[in-house]
Amino acid sequence: MLDLLKSRLTHGYQAIANPLKADIHPAFPGMPILAKSADLYCLNDICPVHAFSEQGLDLGKCTFCGLCSREHPEMISFSNDFKIAADTRDKLIIAPGELELSKIDFRLPRRFHHSLALRNVSAGGCNACEMELSASNNVNFDISRYGVEIVASPRHADALILTGPITANMTEALTETWQAITDPKYLILCGTCAISGGLFAESAAIDRAFLKHWEACLYIPGCPAHPLSIIYAITTIMGIS
Amino acid sequence: MINLVFILVFPLLFIGIIPKVKAIMVGRKGKPVLQSIRDFVKLLRKDEILSEHSTFISKIAPSLALVCTLVASLFVPFVSTHTLLGFVGDFILFVFLLSLAKGVMALAAMDCGSSFQGMGTSRELSFTAFLEPAFFLIMATLIFSVGSGSMAQIFAQQGILYLNIWDVFAGLFIAVALFIMLLVESARVPFDDPATHLELTMIHEVMVLDFSGFNLALINYTSALKMFIYSSLICHLILPVGSSILWYLILLILIYILVGMLESLVARFRMNRNLELVLVPLSIALLTLAALIAKNMGAW
Amino acid sequence: MSIGILLLILTIIPALWKRSGYFVILWVLGSAFLAFEYMEVLYSRSLQEFIITMSPPVGIVNIALNKLSAFFGVIFSLGLPLGMFYGHYYLKEHPTKDLCSHLFWLGLMGISMHCVLWIRHSLVFLMFWELMSLSSFFCVLNSKKENIQAGLNYLITMQIGAAFLIAGFVLTYLSSGTFDFSGFEDMNPIPMYLILIGFAFKAGVFPFASWLAQAHPVAPSHVSGIMSSMLIKTGFYGILLITSLNRFSLREIAAMTLIFCVSAFWAVSHLLFERNLKRALAFSSVENVGIAGMGLCAGLLGIHAHMPAMALLGFTGVFLHLFFHSIFKAHLFYTSGNIFLATASLDIDEMGALAKRMPYTALMALAGIMAISALPMTNGFISEFTIFKAVFETPDAALITYILPSLLILICLAFIGALGMIAFLRIYAILFLGAPRSSLSKSAKEQKLGNRLPVFFLTLAILITGIFPNIALRFVKPLLRWFDLDMQQFALLQSLSLKITYVYLIIILLSALLLVIRRLCIKEKIGSTWACAYPKVNPRMQSSSLTYIQPLAYFLKPITYKKCTHVKAQSAFPTNIEYHEEHPDALWDFIVKPATKVITRFFALFNRIHNGKTNSYIAWVLAFLVFALIWVVGFK
Amino acid sequence: MIVRYSKEDIEPQKLDIFLSDIREMLLCGFMPLAFFGTDEKLLYSLMGKNGDLRLLCCQFPNPFHYPSLSVEFPCFNTFERELHQQYGIVPINHPWLKNVRHNHQSSQEIEDYPFLRSKSKLIHEVGVGPVHAGVIEPGHFRFLMRGEIIEHLEIQLGYQYRGMSQLLCKGNLAHKMSLAECIAGDTVIGHGTAYCQIVESLSNTQSQAQDIRILLLEMERVAMHLSTLSSLAGDVAYIMGQNIFAAIRTFVINSTLSICGSRFGKRALCPGGVNYGLNSDQITRLSSEFEKYTRHIQNTSEALFSTTSLLSRFDDTGKLHTNDALRFGFTGISAKASGVPVDARTDYPDWQYPGFLVQTEISGDVYARAHLRYLEIMQSLQIILALLPTIKPHAPLLEPPSKLEPGKIAISIIESARGRIVHIAKSKDEYSALWYKVIDPSFVNWQALSLSVVGEQISDFPLCNKSFDLSYCGSDL
């Protein structure tokens, strides 16, 4: 009993005071800052997922691998701002010179302001996003303080949080889980693989037909998406400032 | 009438204390105390999905179970000891109403034809096989020491009279037996982990894996109410006769805190060990009764 | 009375012409007359008496009807026509080879059951008792080859019972000088025990109850329904007859409590593991007889300890339980008959999802199952409520000798109630809910109205007597007064049951309110069961009857006797895994079979004499004559 | 460990010589590290025995079948099933010839997967399907149950199949770093280092920052073991242990974040070196932090392993016998917990770990696996604390690899938290690989879970599953 007490004392109070205002180590690649004069075509050649287009850098495709910022530090650099999420797919595209993503204006109905139940489906995810999602409920980040909890059965859930590029074998299981969730239900895409298929977009084993039928209401980029970004995104759509 | 207000408002509020205590014990922020009320209100307005195998039982079971538990709680003394309904020997109807609620929920769980619910039901029902006799023995002991009457009168008079050493021991032993029954009935840690995510190890949650929306809200409320009933019975056992409402509320919160602390310090027991522990309230009640009888016979 | 019996005898004519329709109509008419007779005796006249004088050895045969036999008479006259009515439709679906003999024996069984209640003369009583056993044997046989073994076991057990009865009656005749039942007042113990054991054979008490579990599954459903709901009551009628006329010492009451508790436990432990529906119902009959017996012991304890409340509540519990048991047991047997007709199998592991295919039967079976597991709002609960209340009546000042038996009754009743509930919820869940486990249950269809009507009447009876217990209490009241028990306690009980009715009405009202709210403002969708999103969920993925009971089996291991064959996984890549388990009747395997083996081996010694050659027979006769001659002459 | 073969060293033998060689090696103690077919119709088998690596090769059998090896050597059964699924070669009388992972063309195939059936009615099946109740990857477990006792467990994987080997061979091999990091999201450094060593050996450039790679590898091992211990305590509802271990894991991965910006060590490595060097104050801060963690972990583990209610759950649950671990060729924690000292850091070392001894347990149950993880954490922390002062603070070493030499075969072996990772690749031309074979330790170890769970209660299965903590995407690729 003594060593339990000793370990508990050294453990102390671990919860981050306010995850929305926490700060991360500067080496963390958060919001990319595109210089106005950036040559998008040359950056696009370097990028393994070809995330650059005329409008700018598509955060949905970018895996934050940092190759471009190491080759051309003057054109593109990554700040450690973790507040990167969007409620429509094209809000994720950053034009050169933009300092932050446009605000998320989608809000869940009032009844979900203090209580939201998430059901996670990992459709081909490499287990990094899944571990970050379960870490968002651990002792430090503790998303359950806002009334969000990850439930066992889709029957009890309000939203399906999808990780992974939706492999062909998981399409049927994903559709069955989605149908098992009771209305009103929402779809959240967590991680670059879920949003655009990331590195596996061209692979033959991927089948993203599910996303054509159902519109997602929240996109959380990142490879893997940091727990603070997940908390920031979900609390914003719940209307908690 | 205050009891009715108590039954409707406090169960979901008090059940929020346990996750808060667990959070403080491990140094995290944890769910807010009102969270279970918020979840209840949200679930009430959500739609429902029923399995294609389900019959009429899945539709009526949660409502019938809630009503039976609600009516059973009308016999129980909460803050005031004269209850709405009460007649001599009403604890028999109380026990059978609770087992009707459990039986109907068991049938509803088996209704959707999946193996998890089957296992959950068989585990839950095998617990009742040992809890019913335990409760009857506890009532027999109380009647033996206090004399027969309605449930409210028995528990009201039983309160520990600090002058007579025997009542203190009898009251404490029975309180321990009731506490273990509380842990089993509301599926708390040593028997079943409410926060677990593993459907193969769940007992109570797996029975409600297939319920959604309105029915799920009713089921959560029923289990909260059951826990509230047992804890208020324990309070009346420990509190000396005629103590004020304040003491009652303090002791009630203390019991919920004790459950929360127990959850963070003890791991779950193995499934077949669970059943052995369910025998403990039965043996405690038997021993207390034997001791009281022996005392009455003037053995010492 | 005579018109009734005459009509019942007349039923033999349509039986011979295989007209089961007319047979039933005549039977209903006859029973109506008899019922009127019984009611009259029960409520108004104290006694109905006839005298028939026979030749000297028999003497005056006194045919009388007191309140006790009137009570059972009412049950028989209501239950038997319903059984015949169901039998008529059952036989139409599932015809027997020889309808004429079946109907004849059925009618004879009914008549003999009625006469057993009337006769007050032990020899004639024995005659009708034998007639009842024989006719029920032929009904069980139902002219099927495979029933022979079970039928013979049943017949032999009944004969052994009758032998005890004969011994008991002869001893009372020797001591009291008359064959009349009046000789049974405070007789000396040996004959009383013999008679009690004789009646216990028929009532199905522990050591002698194995025949029940063998006879019922093979008998056609209407016969097993009649047998277990009414035939067994004749045995209990005998026991009640003896207890009403004699005083019992405390040691005898304690012994009877022990026997009834052990009988109920033995039955429940088999009931939990049973996979054949009718065998399960047969074991539950033994269990319910045990529970009624416990009520009886509570009543006797009350009388012995001069606790009027306990005595009244105990006896009310007994009579209520016998009355209700005949209702819900008949209900469940006729439902199992309907299931057998729909799926042609009685093994519950092949069933599943019958509620979807037989909605009415499922709904009615739910009421039956709730009644037999004594859940509130059904009549099963009221009788157990009274017995529980009787046990809680022992005042704290009472002596240890009174507390121990009532404590034993309390614990056993609670355990058996809980285990019984689990067993029957398991049977209902596996039969009616979930997905169909085999092609048999998939192809099941709802039965015709004729089969469902008797079950409907019985469900109605369960619910009405359950929710308004005062009706049943008024039916039992004259009987209690006849047992001269304390009547204001009865008034207390009636006011109590009024309160229980209010509680039920509140429950029905509130749940109806909740269901209306749910229907109005909640949209329902039908989706597939959540099985972790695995696309192909097969019915084998439901829990089998073994899973349902394994946590409990871990505890009941010391008192269960099971044979299992288990093929484990041989290596990391097994090809075949098997597990079969059955729970044979330990009593039959360890007591009856060895006994019969010893007896047959003993008689085998005389085989040499029976060698079939006539000359050796003549030789033996000659030897005997010579010996007799020597005996008579030599020793004069 | 890096080994390089040029095309001339390996010439395809005859099939029967190939098989007899393999059988002979197996008899004298060799274990198969890899056994696979390639698109160039060649069958490769990599055999290893503490340090001594042999690569054998032979043509595809002409009538497309050959006598199966796994009848008497079960360690081949998963490899032969995969070979059968990919190239249709039939190993005759293989005991369990079913597809290892589902191929995506016929999605219908996953529905009538030939699970083992029992004819008796009392044995019922329990299917824990692809989408589990917790936040873990998809996989289907089919139990044959006698009441609550498990008679047989069959695991059906393939839901995470993303076609990784095809993606690795498409385009320039040197630019596949972020793809290699996604092979298994929780062993980023393990697979990343193996991929870098393959590219370096094929383009024969010498890796500069070997010491930083070892540091990150050991930090990842500590983080992985802490996460498993935390979820093991969580499965048994011991929330004190769960939360304290989760908090310590956050410390450890935050220090990885301070090195390379990602909690999982993504973007840290690149072929030829490391993207992020270490300056001196980073090194001093890291060593002080790791001293603090060592004490904290020691206290908590002693508390965890002395809680009686927890030990009663861990003790002899899910026992894996030693000879099963040996015969089936398991690696990593699953084998070491059953007394089989298999560790790539000693068998195939490419870095001298000062005074390194393989830690093993004997009882092979959940307690052994949990306690072994604690021992490995302490050992890795010692290695880190010993390694940190020796790291020379220098700027990020970035040296782009030159062209690959065509026709070379490179093998790289790394010991990750779960076990031995083996990467084998053959270069086609200066830029891309002809074929790239990845063998994750979970690919072999899934069989350990099925063996250890027979006879257990089903309520103990999640505990056994989490005690092995195997990767679904690692084995599905």
Side-chain angles (χ1 to χ4, degrees), chain A residues 3-4 6-8 10-11 14 24-25 27-29 48 63-67 70 78 119-135 138-140 150 152-154 164-165 167-174 176-177 193 198-200 202-207 223-224 226, chain D residues 102 104 107 110 129-131 133-138 158-164 166-167 170 175-179 182-186 188 227 230-231 240 243-244 246-247 249-250 254 257-264 266-267 275-276 295-296 299-300 302-303 306-307 398 471-473 476:
Chain A
D3 38 34
L4 184 67
K6 208 166 30 171
S7 76
R8 174 63 186 80
T10 40
H11 175 63
Q14 278 305 322
I24 306 182
H25 190 276
F28 173 74
T63 59
F64 298 86
C65 64
L67 255 174
R70 279 202 293 280
F78 284 88
R119 167 69 241 192
N120 165 258
V121 171
S122 158
C126 67
N127 202 17
C129 287
E130 285 79 18
M131 286 181 93
E132 291 294 64
L133 185 62
S134 56
N138 73 358
V139 65
N140 304 87
I150 297 174
S153 150
T167 52
N169 310 338
M170 269 301 281
T171 44
E172 199 157 335
L174 179 62
E176 183 142 345
T177 316
C193 291
L199 296 160
F200 307 99
E202 311 91 26
S203 152
I206 297 300
D207 169 5
C223 179
H226 195 279
Chain D
H102 159 69
H104 58 272
S107 79
I110 211 158
V131 178
V135 183
I136 28 176
E137 300 164 270
Y159 293 93
Q160 298 283 68
Y161 176 72
R162 300 158 290 180
M164 182 60 83
Q166 286 82 354
L167 285 177
K170 207 159 56 171
H175 293 157
K176 294 290 183 216
M177 184 63 220
S178 45
L179 190 63
C182 286
I183 292 175
D186 41 26
V188 167
S227 125
S230 158
S231 40
M240 190 67 83
N243 284 284
I244 295 176
R249 174 177 175 265
T250 315
N254 279 350
L257 182 96
S258 65
I259 297 173
C260 63
S262 147
R263 285 155 53 98
F264 290 85
K266 290 202 169 177
R267 296 179 286 282
N275 286 339
Y276 296 86
R295 280 195 311 282
H296 197 7
N299 289 344
T300 315
E302 258 128 35
S306 64
T307 318
L398 186 65
S471 157
Y472 298 79
C473 48
D476 288 353

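Note that this is a predicted model, so its numbers are computed, not measured. Quick note: numbers below take in every heavy atom, side chains included, and nothing from hydrogens, waters or symmetry partners. Order of the sequence lines sets the chain letters (A, B, ...), proteins ahead of strands, with each chain counted from 1.
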Please classify the contact between [X] and chain A as side chain, backbone, both or neither, with a heavy-atom cut-off of under 4.5 Å.
X	result
D:Thr300	both
D:Ala184	backbone
D:Leu167	side chain
D:Met164	side chain
D:Arg249	side chain
D:Lys170	side chain
D:Ser471	neither
D:Glu302	both

Is [X] close to chain D through its backbone or its side chain, or both, or neither, when contacts mean heavy atoms under 4.5 Å?
X	value
A:Leu133	side chain
A:Leu174	neither
A:Ala135	side chain
A:Cys129	neither
A:Ile150	side chain

Open item on the list: Among D:Cys260, D:Pro138, D:Ser262, D:Gly134, which residue has the highest count of heavy-atom pairs closer than 4.5 Å to chain A?
Closed with: D:Pro138
Task: Among the listed options D:Ser306, D:Gly129, D:Ser230, D:Cys473, the residue most often paired with chain A at heavy-atom distances under 4.5 Å - done: D:Cys473
Donor-acceptor contact present, side-chain [X] to main-chain [Y], <3.5 Å:
X	Y	result
D:Gln160	A:Gly124	yes
A:Ser203	D:Arg162	yes
A:Asn127	D:Gly185	no
A:Thr10	D:His296	no
D:Arg267	A:Phe64	yes

Using a cut-off of under 4.5 Å on heavy-atom pairs, state which of [options] scores highest against chain D.
options	value
A:Ser134, A:Ala173, A:Cys65	A:Cys65
A:Met170, A:Arg8, A:Glu130	A:Met170
A:Cys126, A:Ala27, A:Gly125, A:Ala123	A:Cys126

Could you measure the distance from the [atom1] atom of [X] to the [atom2] atom of [Y]? Nearest 0.5 Å is fine.
X	Y	atom1	atom2	result
A:Asn138	D:Ser231	CG	OG	12.0 Å
D:Tyr159	A:Asn169	OH	CG	8.0 Å
A:His25	D:Ile259	NE2	CD1	9.5 Å
D:Ile136	A:Met131	CD1	CE	11.5 Å
A:Thr63	D:Leu179	OG1	CG	10.0 Å

Open item on the list: So, using ring pair (Phe, Tyr, Trp, His ring centres under 6.0 Å) as the criterion, who are the partners of D:Tyr472 when residues are at least two apart?
Closed with: D:Trp446
Can you name the nearest heavy-atom pair linking [X] to [Y], along with the distance?
X	Y	result
D:Tyr161	A:Ala205	O-CB, 3.4 Å
A:His11	D:Ala247	CE1-CB, 3.4 Å
A:Ala128	D:Phe264	O-CZ, 3.8 Å

Open item on the list: Please determine whether side chain to side chain contact (heavy atoms under 4.5 Å, CB included) holds for the pair D:Thr307 and A:Leu4, giving the CA-CA distance in whole Å, both sets of side-chain angles, and the decisive distance to 0.1 Å.
Closed with: CA-CA 9 Å; D:Thr307 318; A:Leu4 184 67; 5.5 Å; no
Task: D:Glu137 and A:Ser122, any side-chain heavy atoms less than 4.5 Å apart - done: yes
TODO: Would you mind checking if D:Arg263 and A:Glu132 are paired as a salt bridge, meaning a charged N to carboxylate O distance below 4.0 Å?
DONE: yes
Task: Worked verdict on D:Met177 versus A:Leu67 for side chain to side chain contact (heavy atoms under 4.5 Å, CB included) - done: CA-CA 10 Å; D:Met177 184 63 220; A:Leu67 255 174; over 6 Å; no
- [ ] List the steps, then state whether side chain to side chain contact (heavy atoms under 4.5 Å, CB included) holds for D:Cys182 with A:Phe200.
- [x] CA-CA 10 Å; D:Cys182 286; A:Phe200 307 99; 3.8 Å; yes
